[in-house]
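First the structure, in the form of structure tokens, and then the observations on it.
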There are 2 protein chains.
Amino acid sequence: MSGVDRSVLAGLKPFAGWAAADLDALLAPAHARRFDKGAAPFEQGAPADSFFLLLDGHVQASKLTPDGRQIIVRYIGPGELFGIAAQIRETTYPATAKAVVESLTLVWPSSIWPELAAKFPALSSGLLQAFGARLADANARVIEMATEPVERRLARALLKLAAQSGRPVEGGVEIDFPLTRQELGEMIGATLFSVSRLLKAWETEGLIAGGRARIVVRRSDRLSAIAEGE
Amino acid sequence: MSGVDRSVLAGLKPFAGWAAADLDALLAPAHARRFDKGAAPFEQGAPADSFFLLLDGHVQASKLTPDGRQIIVRYIGPGELFGIAAQIRETTYPATAKAVVESLTLVWPSSIWPELAAKFPALSSGLLQAFGARLADANARVIEMATEPVERRLARALLKLAAQSGRPVEGGVEIDFPLTRQELGEMIGATLFSVSRLLKAWETEGLIAGGRARIVVRRSDRLSAIAEGE
DNA sequence: CGGTCTGTTGAGTACGGTCAACAACTGTGG
DNA sequence: CCACAGTTGTTGACCGTACTCAACAGACCG
């Protein structure tokens, strides 16, 4: 047994409406695992022996280029599966996952995927959906990188992060995990210097606020305007 | 009946080893359709009522950005399924397909996909594989765009095209369909001017050759060196 | 209280985009 | 067959965005 109660799953969108017995069956082969801030559930290139469901916290998925530069693929929030890319074709993880805050996950052995997928068709169709969404997202990013200036990409990234992982605070929405200029740069393909200049300008204009590795989106309307094209 | 013999499928990699009866069953609901050079099997945003298998020719998949710029997602070669992204989540085509040379396709109504997928598990697992490959490719492109200069991206694009759609000629490999500087630019996120300058330089150095909309890769070794980093 | 991490700011530079002009080739219709 | 229009490719001048590098200032942590 996993020591995890089915109630932790029942609250997550992907499992809404599942029967209790099914949730139990899904949970049986899983175990819970906690990761400290900075710890890595898996590294790019390592054998993909497990897949994960994030229960609480935030996990960063990044890739290393051949010449040692890092780019951030996405941030994973509670309720999302990760480490599943491997189930589809590869035997090693295509990216590195790192907990950016203390995070709680469920872990299944990869070998059990076919059995689970057969028992719960909703799982594999959900996987397809997720892949479709990621493919669309990746294509959108290619287009952005090719056609849009850094300023727009940055505004867009902030809005996306606020929408996905935002926590309402007075006067805006705070991005719910520490996020440095360096990391923002690695998300949008820019240097930390360019990011720093833009954020500073926006802060003095009142569009955003924040402290060390903390960002609050204050005026998402004006950021949207920048993201679209002034 | 489709008027297409099962022998046209038997020669394509995805169908190697299929039983004759299965091929016939797969072919039954399909019909053949020819597209002139320049004709579009489908347009971005249109209802996705069909999916396609390219038998012969070359098809370009492109997307239009909100502000009217075009970017080329990929080139499709014989034996590849296309127009299937819709089967996964969307009801409209996410991109436009255009025949860049006269092309021959098989067409199935989208509505029949679930039935076919159920009857031939190899089809849906092939789809997953294809999606995985495309996702990996899209991610690789994001990384390229973010970290590599135009010169490298162009060299890489030429090598990929030559490998995928190359026809050996004396002294090199010719890309098997007309390809303008404009289109190369739209593939790698650059202007036709930058592409023109680079190709000219490479032509005088003997790395490539070509005429109007024709490109022959002569020295793939040296192009590889450029693609990696001199 | 030093060391590390994060952020700011400035100066210089270059890659690649924009725009304009023209040349060469292709296909079409009179 | 030629004239013409359309497409494709080349080249030059200019310029701006964003990168590189350097120096420094706070914030956080042990």
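Every chain is numbered from 1, with letters handed out A, B, ... down the list of sequences.
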Pull out every protein N or O sitting under 3.5 Å from an N or O of nucleotides 15-18 of chain C, one pair per line with the distance.
unit_1, atom_1, unit_2, atom_2, d
C:dG16, OP1, B:V150, N, 2.6
C:dG17, OP2, B:T191, N, 3.4
C:dG17, OP2, B:T191, OG1, 3.2
C:dG17, OP2, B:S194, OG, 2.6

* Asked: How are the rings of B:F42 and B:Y93 set relative to one another: parallel (under 30°), tilted (30 to 60°) or perpendicular (over 60°)?
  -> parallel
* **B:T105 side-chain N/O to B:R33 backbone N/O, donor-acceptor pair under 3.5 Å** => yes
List the residues meeting side-chain hydrogen bond (donor to acceptor under 3.5 Å, both in side chains) with [X], not counting sequence neighbours, and say none if there are none.
| X | result |
| --- | --- |
| B:K160 | B:D137 |
| A:S194 | A:T191 |
| B:R74 | B:E80 |

* Structure fact -> Angle separating the five-pair end axes of the helix from C:dC1-D:dG30 to C:dG30-D:dC1, nearest 10°, is 40°
Show me the pairs that pass salt bridge (charged side-chain N to carboxylate O under 4.0 Å, His left out) and involve [range], at least two apart or across chains.
| range | answer |
| --- | --- |
| residues 184-198 of chain B | none |
| residues 43-55 of chain B | none |
| residues 205-228 of chain B | B:E174-B:R214, B:E205-B:R222, B:R219-B:D221 |

* Asked: Can you pull the side-chain hydrogen bond (donor to acceptor under 3.5 Å, both in side chains) pairs that have at least one residue in residues 140-151 of chain B, sequence neighbours excluded?
  -> B:E148-B:R156
* Please name all residues satisfying ring-ring contact (aromatic ring centres under 6.0 Å, His included) with B:W108, sequence neighbours left out, ordered by chain then number. => B:F51
* Structure fact -> When rounded to whole Å, the CH2 to C1' distance for the pair A:W202 and C:dG7 reads 16 Å
* Structure fact -> Between CZ of A:R181 and C1' of C:dT8 the distance, given in whole Å, is 9 Å
* **First-last contacting nucleotides on DNA chain D - partner chain A, under 4.0 angstrom, heavy atom** => D:dA18 to D:dC28
* Asked: Could you state the interatomic distance from CD1 (B:I84) to OG (B:S50), rounded to the nearest 0.5 Å?
  -> 13.5 Å
* Where do B:T96 and B:Q44 come nearest, in terms of heavy atoms and distance? -> OG1-N, 2.8 Å
* Structure fact -> Between B:Q60 and the options B:I76, B:V101, B:V100, the side-chain contact (heavy atoms from CB on, under 4.5 Å) test singles out B:V100
Show each protein N/O and nucleotides 24-29 of chain C N/O combination with a separation under 3.5 Å, one pair to a line.
unit_1, atom_1, unit_2, atom_2, d
C:dC25, O2, B:R212, NH1, 3.4

